[in-house]
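Values below: every heavy atom of this structure, side chains too, minus hydrogens, waters and symmetry copies.
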Amino acid sequence: INRDELNRPMLELLTEAALRGYMERSANFTKHNANGEACVTTPPLDVVRDVQSLGCWKFPPLFSITETPVIRSDGTVKTSPGYDLATQLYYAPAPDLVVPSIPENPTRGEVMTATQTVLEVVCDFPFVDDASHANAVAAMMLPVLRPLVGRVPMAVVDKPQPGTGASLLADVISIIATGGPAATMGEPRSEEECEKKLNSHLYEGRSICVIDNVDGKLWSDTLARFLTSRFISVRPLGRSADLRLRNSLTYIVTGNNIQLGGDLPRRCFWIRLNAQTARPWLRGGFRHSNLIEWVTENRGTILAGIITIARAWILAGRPVNHDVIILGSYENFFHTFGSILSFMGVNGFLGNLASMYDSMDKDTPQWEAFLEAWSEIIGEEPVT
């Protein structure tokens, strides 16, 4: 575990040169000259390579890095920095992060207070309906509660014109999860470029991947594969063997009137913003005039609120929302977050799925029209 130039934690592969340096600092290596005298030397490369190639080291597996307290599936919470064996996560909080104590057995009043804190984060965004609001709350809580679910769909945050707040919402989610704005990537122009960028996010142990400012149609078989894969094979530069990494990313895409191609529509959920004004960037009257600053200052309280809600839901026996829509490949995500949002009193989760398909999925209707025309004109007669 290392830190980048912004002092944010990241994973790095222990290279041959780095291992040699650690070995040199851990022991004195000597060799004998022609006269039989011992001379200090660096660790021989054959020894270094032998150590590196051994497969019997009993190190605990490292899933990823998290910069928020870790909630386990039984509702217990890890608030002290360091490795957590149950989730296989390493908790590396920012030095200035202060998270209020999380109640052992949250009362209904404490849950209501926590809910108010969480909902305050998104109070100024112009959501078009309850479904977009509920989906945004789920996207905001997702990176923190990621250990409770497996595969997750991608949050699509779109709006009719620039300046409505899609990138701001992505930054807010990132600040809550990592303490800083999202490190965004642009719309991939090729499958190779997309795979390299996504591999880099996984390889470094990042928790959030934001594809920002998509203009038009987003279509990537590689991205679709990442969204349904539990494990990803990554080949770091300079290595001949692949690393098998668990897919720990939370995926967010922002843009104007996004269209989704290929298999992406069924792998997404929709957050639609619309300020109903020609120049949304000139709006005023916000409850938090500088939302980034407010979220940064209150990050610890927001994290405590999210974890308090989840812990209370688990201790209450995980009450189920039977009305939530469950889609294949993401059953655990939809079940868990649909139930947690219902427990909070937030309604509308996934209520805009049909509208999203009608608005964004341009490929399926074209195939339907083509096949209907084929049936009308040719029928069932085989043709070349």
Sequence neighbours excluded, which residues qualify as side-chain hydrogen bond (donor to acceptor under 3.5 Å, both in side chains) partners of [X]?
{"X": "Q116", "value": "none"}
{"X": "E331", "value": "none"}
{"X": "K197", "value": "E193"}
{"X": "N298", "value": "none"}

Aromatic ring pairing F269/F349, orientation class (parallel under 30°, perpendicular over 60°, tilted between):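 Correct class here is perpendicular.
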Tell me, do [X] and [Y] make a side-chain contact under 4.5 Å, heavy atoms counted?
{"X": "V99", "Y": "I307", "answer": "no"}
{"X": "L145", "Y": "F337", "answer": "yes"}
{"X": "P265", "Y": "M360", "answer": "no"}
{"X": "Q259", "Y": "V214", "answer": "no"}
{"X": "Y22", "Y": "V48", "answer": "no"}
{"X": "R146", "Y": "L89", "answer": "no"}
{"X": "L169", "Y": "I252", "answer": "no"}
{"X": "P181", "Y": "I292", "answer": "no"}

What is the minimum heavy-atom distance between [X] and [Y], and which atoms define it?
{"X": "A182", "Y": "V210", "result": "CB-CG2, 3.5 Å"}
{"X": "Q52", "Y": "L19", "result": "CB-CD2, 3.6 Å"}
{"X": "I208", "Y": "P143", "result": "CD1-CG, 4.0 Å"}
{"X": "I325", "Y": "F334", "result": "O-CB, 3.5 Å"}

Between [X] and [Y] (side chain of the first, backbone of the second, donor and acceptor by atom type, cut-off under 3.5 Å), is there such a pair?
{"X": "N213", "Y": "G186", "result": "no"}
{"X": "T115", "Y": "V111", "result": "yes"}
{"X": "N135", "Y": "L350", "result": "yes"}
{"X": "D74", "Y": "T76", "result": "yes"}
{"X": "T113", "Y": "G109", "result": "yes"}
{"X": "T308", "Y": "A304", "result": "yes"}
{"X": "W57", "Y": "V51", "result": "yes"}

Should [X] and [Y] be regarded as members of a common hydrophobic cluster, given that ILVMFWY residues are connected when their side-chain heavy atoms come within less than 4.5 Å of each other, either directly or indirectly?
{"X": "F63", "Y": "M10", "answer": "no"}
{"X": "F286", "Y": "L291", "answer": "no"}
{"X": "F231", "Y": "L202", "answer": "no"}
{"X": "L45", "Y": "F29", "answer": "no"}
{"X": "I378", "Y": "F370", "answer": "yes"}

Using a 4.5 Å cut-off between side-chain heavy atoms of Ile, Leu, Val, Met, Phe, Trp and Tyr, which other residues end up in the same hydrophobic cluster as [X]?
{"X": "V40", "result": "none"}
{"X": "I1", "result": "L11, L62, I65, Y83, L85, Y90"}
{"X": "W281", "result": "L282"}

Which pairs would a plain distance check flag for residues 148-168, meaning a side-chain donor or acceptor within less than 3.5 Å of a matching protein atom at least two apart in sequence or in another chain?
residue, atom, partner, partner atom, Å
R151, NE, S329, O, 3.3
R151, NH1, T228, O, 3.1
D158, OD1, W270, NE1, 2.7
D158, OD1, R272, NH1, 3.3
D158, OD2, I258, N, 3.3
D158, OD2, R272, NH1, 2.8
K159, NZ, N256, OD1, 3.0
Q161, NE2, A278, O, 2.7
T164, OG1, Q161, O, 2.8
S167, OG, D212, OD1, 2.8
S167, OG, D212, OD2, 3.4

Derivation of the side-chain contact (heavy atoms from CB on, under 4.5 Å) call for L218 and E187: CA-CA 8 Å; L218 178 64; E187 181 181 354; 4.2 Å; yes
M344 CE to S339 OG distance, which is reported to the nearest 0.5 Å: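 Result: 13.0 Å between the selected atoms.
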Spacing of OH belonging to Y203 relative to CD belonging to E12, to within rounding of 0.5 Å: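 Rounded to the nearest 0.5 Å, the OH-CD separation comes out at 7.0 Å.
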With sequence neighbours excluded, residues passing ring pair (Phe, Tyr, Trp, His ring centres under 6.0 Å) with H201: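 Testing H201 for ring pair (Phe, Tyr, Trp, His ring centres under 6.0 Å), a comparison that skips the adjacent residues, returns none.
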S229 and R225: CA distance, side-chain angles, deciding distance, side chain to side chain donor-acceptor pair (under 3.5 Å) verdict: CA-CA 6 Å; S229 298; R225 173 170 58 85; 5.2 Å; no
C268 and L260: CA distance, side-chain angles, deciding distance, side-chain contact (heavy atoms from CB on, under 4.5 Å) verdict: CA-CA 9 Å; C268 298; L260 300 172; 3.9 Å; yes
Sequence neighbours excluded - side-chain hydrogen bond (donor to acceptor under 3.5 Å, both in side chains) pairs with any residue from residues 309-327: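 Counting only pairs at least two positions apart or across chains, the side-chain hydrogen bond (donor to acceptor under 3.5 Å, both in side chains) contacts touching residues 309-327 are E104-R311.
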Verdict with supporting geometry, R266 and L327, side-chain contact (heavy atoms from CB on, under 4.5 Å): CA-CA 8 Å; R266 79 167 189 88; L327 298 182; 5.7 Å; no
Candidate pair R206 and D4, rule salt bridge (Lys or Arg N to Asp or Glu O under 4.0 Å), full reasoning: CA-CA 12 Å; R206 303 298 186 192; D4 62 16; 3.4 Å; yes
Do any side-chain atoms of residues 119-129 form donor-acceptor pairs under 3.5 angstrom with protein atoms, and if so which ones, sequence neighbours left out?
residue, atom, partner, partner atom, Å
E120, OE1, R287, NH1, 2.8
E120, OE2, R287, NH1, 3.3
E120, OE2, H288, NE2, 2.7
D124, OD1, R287, N, 2.9
D124, OD2, R287, N, 3.2
D124, OD2, H288, N, 3.0
D129, OD1, A131, N, 3.4
D129, OD1, S132, N, 2.8
D129, OD1, S132, OG, 2.9

Working for side-chain contact (heavy atoms from CB on, under 4.5 Å), residues I314 and I71: CA-CA 10 Å; I314 293 172; I71 183 166; 4.2 Å; yes
Side chains of T277 and R283, donor plus acceptor under 3.5 Å: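 There is no such pair between these side chains.
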Any donor-acceptor N or O pair under 3.5 Å, side chains T222, E191: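 Indeed, the side chains of T222 and E191 share at least one donor-acceptor pair under 3.5 Å.
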side-chain contact (heavy atoms from CB on, under 4.5 Å) partner of I306, the single match among V118, L142, T117: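 Considering V118, L142, T117, a side-chain contact (heavy atoms from CB on, under 4.5 Å) with I306 is found only for V118.
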Results of salt bridge (Lys or Arg N to Asp or Glu O under 4.0 Å) for R49 - residues two or more places apart only: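 If we apply the salt bridge (Lys or Arg N to Asp or Glu O under 4.0 Å) test to R49, skipping adjacent residues, the hits are E16.
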